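Structure, as structure tokens:
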Number of protein chains: 2
Amino acid sequence: MPAGGRYVYGLRYSTNMSLTRTRARRATINDVADAAGLSRGTVSRVMNGEKYVSDEAKQAVEEAIARVGYVRNNAARNLVTQESRAIGLIIHEPHSLLFEDPNIGSILLGANEVLSKADYQLVSLIIDSDRDSRRVADYLRGGLVDGAVIISARASDPIAAAIADIGLPAAFVGHPEGTPALPYAAIDNVEAARNITGRLLQTGRKQVGMIASALDRDSGKDRLAGFQAAMGSRFDPNLVVEYPLYTYAAGLEGMQELLRRAPHLDGVFAASDAVAAGAMTALQEAGRRVPEDVGVVGFDDSSWALRCRPQLSTVRQPADLLGSTAAELVLAQLQGLPGTPRVLETTIIWRGSA
Amino acid sequence: MPAGGRYVYGLRYSTNMSLTRTRARRATINDVADAAGLSRGTVSRVMNGEKYVSDEAKQAVEEAIARVGYVRNNAARNLVTQESRAIGLIIHEPHSLLFEDPNIGSILLGANEVLSKADYQLVSLIIDSDRDSRRVADYLRGGLVDGAVIISARASDPIAAAIADIGLPAAFVGHPEGTPALPYAAIDNVEAARNITGRLLQTGRKQVGMIASALDRDSGKDRLAGFQAAMGSRFDPNLVVEYPLYTYAAGLEGMQELLRRAPHLDGVFAASDAVAAGAMTALQEAGRRVPEDVGVVGFDDSSWALRCRPQLSTVRQPADLLGSTAAELVLAQLQGLPGTPRVLETTIIWRGSA
DNA sequence: ACATCATCTGGGAACGTTCCCAGAGTACGA
DNA sequence: TCGTACTCTGGGAACGTTCCCAGATGATGT
């Protein structure tokens with residue numbers, strides 16, 4: 001053991017900034033103990049801030065740690081403590097939509113904030129192929145995370161089943177049916193959609209359509225159900241168009257199609273703000289005035305809403321709170337508490353588009 | 001050891017869907033060995049698909065694995081193999097911008113694709129506070145990842161210094177100056193900005209301004225430098241407004257400010273597409289026609305570009321390629337090869353906004 | 001003077017893998 | 001028949017921690 005040496009990955013710089021790595025032995029807790037003239041146990045106690053360490057010992061260890069460049073090996077630590085202090089967040093989103101949906105970022109940050117405070121590391125795992133799906137399942141099973149938050153799950157998502165199978169503490173954001181009995185943080189999409197559609201009808205609209213999206217997800221399906229409920233006998237299936245994703249493009253095309261089917265349409269409920277933004281563009285290009293000729297309402301109150309002209313009337317869904325609540329549900333389970341599903345409040349934000 | 005039992009985390013369901021966890025002992029490789037009537041070594045060989053395992057043994061092991069519900073403990077595996085087959089991707093982005101910037105999603109997916117093919121797990125770590133910064137540094141140091149990709153780094157980012165310090169194979173997306181000598185995948189922002197500004201000038205504009213953003217980042221600074229280079233003697237510092245972030249809001253306000261300073265302005269280079277979209281809204285609200293009265297160009301060719309009316313003339317930057325290239329640079333280093341910095345091509349996409 | 005208690009330290013054992021070596025069995029050619 | 005090579009299996013050792021117990025030391029109370 002090279003005395004006084006610095007055990008780190010060796011870096012060998014070659015010409016103009018490229019570099020190759022020569023892996024040297026990393027310092028272990030024993031190297032620190034030797035350097036400090038103390039035992040492994042004492043070093044461990046210092047590292048973990050336990051009591052019953054003399055001031056001299058503490059100082060000697062800290063100095064030795066700095067001298068040999070010691071960093072704790074978490075794999076070894078996880079192995080013996082049987083925990084990782086990390087929580088996985090699984091993002092299973094179609095390619096094109098990933099991160100165009102501002103909700104995902106908010107959910108992530110909300111979850112991160114809660115976990116950060118509890119001194120857990122959030123690790124995000126994205127699933128973009130079947131291969132990913134398997135690898136992520138292995139990762140989750142392998143003891144590298146103590147729990148998981150699952151967002152944008154499809155009904156019958158295999159990864160959710162895998163998680164339930166191994167009994168990893170977990171929580172959903174949203175509440176896809178057909179998924180295992182795991183706690184979730186969600187909003188009541190049916191109720192919210194019913195409310196905003198009702199509000200739109202109160203402005204005196206006679207012929208109201210909907211651009212529905214993502215019917216393979218609970219949110220998409222429920223928003224359509226809420227719309228139908230609000231319309232009651234006035235519901236006309238011919239005035240509903242369906243698209244696979246919550247996108248601007250869906251709104252654009254969807255609105256054009258609706259205008260083709262019903263030129264005198266005077267109200268539209270778009271399944272998300274992005275969809276609503278696309279719809280407004282289509283309306284304006286077709287020479288319709290918003291809100292005079294056609295009232296438009298959306299869903300999410302994402303950054304899209306303020307970008308529209310006029311600004312969008314929409315349902316505010318607390319995306320950050322969904323993330324933080326789901327994280328709390330996981331933490332609760334980690335402490336042996338029950339994870340009770342939670343339904344968060346939505347509110348209608350009425351602006352100029354209807 | 002409960003014979004024939006299934007060693008998994010126990011789940012105890014209580015009333016109405018809430019559940020508590022009772023952690024039971026997980027099956028180990030020894031349990032599998034016992035159940036199969038074989039040895040640890042043989043089970044390990046089957047798990048890792050090594051040769052020199054008889055068909056009977058293989059079958060017996062696979063059956064035993066299923067019977068006892070065995071999943072490999074990755075912490076133990078990482079400990080002995082000294083690798084994790086995971087690559088960290090560090091996202092250090094201001095709260096409000098996270099994931100409103102479509103580039104980040106593309107970079108992530110690009111990196112994920114490359115790593116997935118090489119059978120590495122991508123784990124994204126987001127930094128949203130100083131506390132996060134420390135925790136992420138610990139995570140990276142702790143042996144839980146074999147390498148790292150750093151995106152949206154600031155000049156003098158502490159996390160980058162930490163990575164270089166421990167010698168973890170890493171690569172930047174972008175090339176902030178003042179950061180350690182790590183390889184990077186980047187575009188030439190100066191050149192690209194110079195080109196599109198030049199192209200804008202060719203349309204006969206006399207008075208051209210710029211809405212600059214994110215001057216604390218290499219991309220923001222370089223785009224301004226390129227603008228100035230293209231303008232040459234016509235450069236007027238009074239026609240440059242500066243905002244901290246690449247946002248729609250910056251474009252909106254920036255354009256209003258520019259119009260105040262120079263009502264006869266007939267061209268604008270916005271530092272990103274989101275900024276350009278905001279600028280176009282401001283112009284249209286001020287009664288200016290685009291492109292007749294004012295030509296607008298952006299940067300990124302993100303989904304914003306197609307959303308604008310008219311669609312945006314912009315610089316296409318291959319965000320997915322940036323991600324995948326950075327990932328490749330990390331993989332190369334993992335194989336002992338040098339990680340040579342790479343500068344990717346940009347192209348001008350000319351649409352209707354100028 | 002002695003028992004008791006708190007403080008501090010050392011080091012064996014365990015966590016669950018993979019690696020590697022030794023050894024048994026079989027096949028084949030000289 | 002024997003040597004050699006290949007196939008297959010078992011199990012000791014090691015990876016780098018934390019946990020826990022035993023023991024030393026010093027302070028305190030009776």
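Bear in mind the structure is a predicted one, so any value in this text is a computation, not a measurement.
Taking atom CZ of A:Arg45 as the reference point, atom P of C:dC8 lies 11 Å away to the nearest angstrom. In this structure, the CD1 atom of B:Ile29 is 14 Å from the P atom of D:dG11, given to the nearest Å. Per the geometry, NZ belonging to B:Lys51 stands 5 Å off P belonging to D:dT7, to the nearest Å. Summarising the geometry, the separation between CZ on A:Arg77 and C1' on D:dC19 is reported as 12 Å, rounded to the nearest angstrom. D:dT25 atom P lies 15 Å from atom CD of A:Glu56, rounded to whole Å. Atom pair A:Asn30:CG and D:dG16:P shows a separation of 9 Å (rounding to whole Å applied). Rounded to whole Å, the distance from CG on A:Asp34 to P on C:dG11 is 11 Å. Atoms CG (B:Asn78) and C1' (C:dT18) sit 12 Å apart, rounded to a whole Å.
Distances shorter than 4.0 Å separate none of the side-chain N or O atoms of B:Ser44 from OP1 or OP2 on C:dC19. For C:dT7, neither phosphate oxygen OP1 nor OP2 lies less than 4.0 angstrom from any side-chain nitrogen or oxygen of A:Ser54. The shortest distance between the side-chain N/O atoms of B:Thr81 and the OP1/OP2 oxygens of C:dC19 is not below 4.0 Å.
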Between the protein and nucleotides 13-15 of chain C, which nitrogen or oxygen pairs come in under 3.5 angstrom?
{"unit_1": "C:dA13", "atom_1": "N6", "unit_2": "A:Arg40", "atom_2": "NH2", "d": "3.0"}

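Although no hydrogens or angles enter the test, the distance criterion places no donor-acceptor pair under 3.5 Å between the side chain of B:Thr42 and the main chain of B:Leu38. Checking side-chain atoms of B:Asp146 against main-chain N and O of B:Arg85 turns up a donor-acceptor pair under 3.5 Å.
Across the helix from C:dA1-D:dT30 to C:dA30-D:dT1, the helix axis at one end is tilted relative to the axis at the other end by 50° (nearest 10 degrees, each axis from five pairs).
Across all strands shown, A:Ala57 has heavy atoms under 4.0 Å from sugar-phosphate atoms exclusively, and none from any base. Within 4.0 Å of B:Asn48, counting heavy atoms only, lie sugar-phosphate atoms of the nucleic acid but no base atom. No engagement by A:Asn74 is indicated, since no non-hydrogen atom pair under 4.0 Å with the nucleic acid exists.
Residues B:Glu50 and A:Tyr52 both approach DNA chain C. Their nearest nucleotides, taken by heavy-atom distance, put A:Tyr52 toward the 5′ side.
Here the closest heavy-atom approach between residue A:Leu331 and residue A:Val114 is recorded as CD1-CG1, 3.8 Å. Of all heavy-atom pairs spanning B:Ile90 and B:Ala148, the tightest one is CD1-CB, 3.9 Å. Of all the heavy atoms in A:Leu144 and A:Ser84, the pair that sits closest is O-OG, 3.1 Å. A:Ala35 and A:Ala64 make their closest contact through CB-CB, 3.9 Å (heavy atoms, listed as atom of the first residue, atom of the second, distance).
Sorted by first then second residue, the salt bridge (charged side-chain N to carboxylate O under 4.0 Å, His left out) pairs that include residues 52-63 of chain B, not counting sequence neighbours, are B:Glu63-B:Arg67.
Side-chain contact of B:Asn48 with B:Arg77: a donor-acceptor pair under 3.5 Å is present, judged by distance alone.
Ion pairing between B:Asp138 and B:Arg135 fails under the 4.0 Å rule for side-chain N and carboxylate O.
How far OG of A:Ser133 is from CG of A:Asp128: 11.0 Å, rounded to the nearest 0.5 Å.
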